[in-house]
Q: 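Can you read through this structure? Questions will come right after.
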Amino acid sequence: MGAFKDLLEKQEVIILDGALGTELERRGYDVSGKLWSAKYLLENPQILQDLHEVYVQAGSDIITTSSYQASIPAFVEAGLSPEKAYELMKETVCLARDAIQNVWKVLSSEVKKQRPYPLVAGSVGPYAAYLADGSEYTGAYHLSEAEFKDFHRPRIQALLGAGCDLLAIETIPNGAEAAAILRLLAEEFPKTEAYLSFVAQSENTISDGTKIELLGRLAQSSPQILAVGFNCTAPHLIAPLLEKLKQVCDKPLLSYPNSGEIYNVATNTWQDNPEQQLCLTDYSQLWKKQGVQLFGGCCRTRPEDIRRLASELRT
């Protein structure tokens with residue numbers, strides 16, 4: 001039994017972490033440019049580890065690596081050799097692992113009894129993150145299955161080679177890309193555990209228009225996908241999306257939405273959403289009743305949001 005499967009079987013509620021890039025931005029760090037938060041893997045990796053530690057302290061059971069925006073092609077374009085880019089990808093796992101160890105060794109025995117030792121999830125973001133043109137929100141890009149595989153393969157190899165416990169295949173807006181990644185896992189990484197998380201702009205489809213029912217069947221057919229759900233999606237859309245997913249997929253569910261604000265691709269800014277009515281913890285209590293097991297936050301959520309989730313959902 002793998003570490004992720006074991007965690008799913010033992011923990012009724014699993015707390016993920018929250019935003020990385022937008023939290024760095026709130027703290028005064030410049031995340032502009034194509035590499036976004038991954039630029040600090042080059043410039044100052046300690047700030048990434050420090051933020052991982054904050055989320056461990058807040059109660060996260062799974063820490064996601066800082067590899068969402070990172071890819072071998074992006075690092076090569078930034079001037080690194082392919083070999084150095086590969087090693088930098090592996091470093092994202094080390095930063096997360098070190099953060100967990102640093103926090104765990106100073107926690108009290110009582111606290112340790114109340115929560116599991118956190119796992120490291122290797123973040124596998126979509127091809128859209130490499131494009132850095134906002135297409136995570138549209139899914140409007142087209143590659144062949146072979147091209148998708150060639151893009152994702154080296155990052156997955158690096159993350160697994162560095163010893164991550166599972167893969168977080170996240171913010172996927174494109175149905176063809178999801179299918180290609182799952183086929184890549186089955187063919188080349190058959191022992192790997194993962195969760196699969198989509199991004200949606202409506203109640204019926206993910207961003208590129210692929211029907212939720214189709215994606216649910218895709219997830220259901222993969223023995224390596226142990227949990228499935230949605231992230232970086234407006235909270236008010238999550239409940240109806242989950243209902244459609246549950247009709248065709250009986251795997252554990254996850255939800256880590258954005259703050260509910262709307263991202264304006266043209267201006268690269270976040271704007272208020274009038275449909276956002278509840279806070280993350282209130283929404284999460286509703287999703288828990290729907291059967292969600294893994295909870296967290298994405299863009300514009302903060303460590304305090306994760307702290308509240310851990311406090312309220314574990315009771």
Side-chain angles (χ1 to χ4, degrees), residues 2-4 17 20-21 24 29-53 62-102 119-133 135-136 141 143-172 174 177-178 180-194 224:
F4 186 36
D17 52 13
L20 184 68
L24 289 176
Y29 294 100
D30 178 17
V31 294
S32 62
K34 194 169 182 179
L35 284 176
W36 200 40
S37 58
K39 67 187 288 187
Y40 289 102
L41 290 166
L42 296 168
E43 299 176 5
N44 188 354
Q46 186 61 46
I47 69 168
L48 298 170
Q49 181 175 319
D50 291 345
L51 188 48
H52 288 324
E53 291 186 15
I62 296 178
I63 295 298
T64 311
T65 62
S66 53
S67 53
Y68 171 83
Q69 196 80 15
S71 66
I72 303 299
F75 282 140
V76 169
E77 290 174 11
L80 277 66
S81 68
E83 294 76 17
K84 177 61 177 176
Y86 188 85
E87 290 304 312
L88 206 57
M89 201 72 66
K90 294 176 69 174
E91 180 66 15
T92 67
V93 176
C94 297
L95 292 171
R97 185 79 68 199
D98 289 348
I100 292 168
Q101 292 174 348
N102 286 347
L119 302 183
V120 175
S123 176
V124 179
Y127 181 74
Y130 163 66
L131 297 177
D133 60 359
S135 54
E136 292 106 316
Y141 52 92
L143 276 72
S144 68
E145 180 178 293
E147 289 170 328
F148 276 129
K149 288 179 177 179
D150 289 345
F151 175 79
H152 287 290
R153 181 182 295 107
R155 175 169 51 182
I156 290 174
Q157 288 173 328
L159 293 170
L160 294 176
C164 69
D165 298 297
L166 68 143
L167 295 178
I169 304 167
E170 57 181 351
T171 327
I172 303 299
N174 184 296
E177 183 172 24
I181 294 173
L182 265 57
R183 189 179 294 273
L184 175 63
L185 292 184
E187 293 174 348
E188 300 183 30
F189 309 98
K191 296 183 179 180
T192 298
E193 297 181 335
Q224 295 172 264

Q: Roughly how far, to the nearest 0.5 Å, is the OG1 atom of T92 from the CG atom of L41?
A: 6.5 Å
Q: Looking at every non-hydrogen atom in both residues, tell me the closest pair between A168 and T64 and how far apart they are.
A: CB-CG2, 4.4 Å
Q: Could you check whether any side-chain heavy atom of I181 comes within less than 4.5 Å of a side-chain heavy atom of F148, counting everything from C-beta outward?
A: no
Q: Keeping Q69 on the side-chain end and L35 on the backbone end, is there a donor-acceptor pair under 3.5 Å?
A: no
Q: Heavy atoms only: give me the nearest Y86-P154 pair and the separation to one decimal.
A: CE1-O, 3.5 Å
Q: Might you point out which heavy atoms bring A96 and T65 nearest each other, and give the distance in Å?
A: CB-CG2, 4.4 Å
Q: Does a side-chain heavy-atom distance below 4.5 Å link L20 with L48?
A: yes
Q: For E43 and Y29, does a side-chain donor sit closer than 3.5 Å to a side-chain acceptor?
A: no
Q: Quick one about Y141 and E177 (side-chain donor to acceptor, distance below 3.5 Å, no hydrogens or angles considered), yes or no?
A: yes
Q: Got Q49 and N102 here, is their nearest side-chain heavy-atom distance under 4.5 Å?
A: yes
Q: Side chains of L143 and Y127: closer than 4.5 Å at any heavy-atom pair?
A: yes
Q: Rounded to the nearest 0.5 Å, how far apart are CG of L166 and CD of Q224?
A: 12.0 Å
Q: When rounded to the nearest 0.5 angstrom, what distance separates CD in E91 from OG in S66?
A: 8.5 Å
Q: About how many Å separate OG of S123 and CD1 of I63, when rounded to the nearest 0.5 Å?
A: 12.5 Å
Q: To the nearest 0.5 Å, tell me how far R155 CZ sits from I72 CD1.
A: 9.0 Å
Q: Within a strict 4.5 Å, meaning less than it, do heavy atoms of the I156 and L185 side chains meet?
A: yes
Q: How about D165 and F4: do any of their side-chain heavy atoms sit closer than 4.5 Å?
A: no
Q: Between K149 and E187, is the closest basic N to carboxylate O distance under 4.0 Å?
A: yes
Q: Would a 4.5 Å heavy-atom cut-off, applied to side chains only, mark L160 and L167 as touching?
A: yes
Q: Measure the spacing between NE2 of H52 and CD of Q46 and express it to the nearest 0.5 Å.
A: 10.5 Å
Q: State, to 0.1 Å, how close S67 and M89 come at their nearest heavy-atom pair, and which atoms those are.
A: CB-SD, 3.9 Å
Q: Flag the pair K84 / F75 as yes when at least one side-chain heavy-atom distance between them is below 4.5 Å, and no otherwise.
A: no
Q: Counting only heavy atoms not in R183, do more than 12 sit closer than 6.0 Å to its CZ atom?
A: no
Q: What are the two closest non-hydrogen atoms of S37 and L24, and how far apart are they?
A: CB-CD1, 3.8 Å
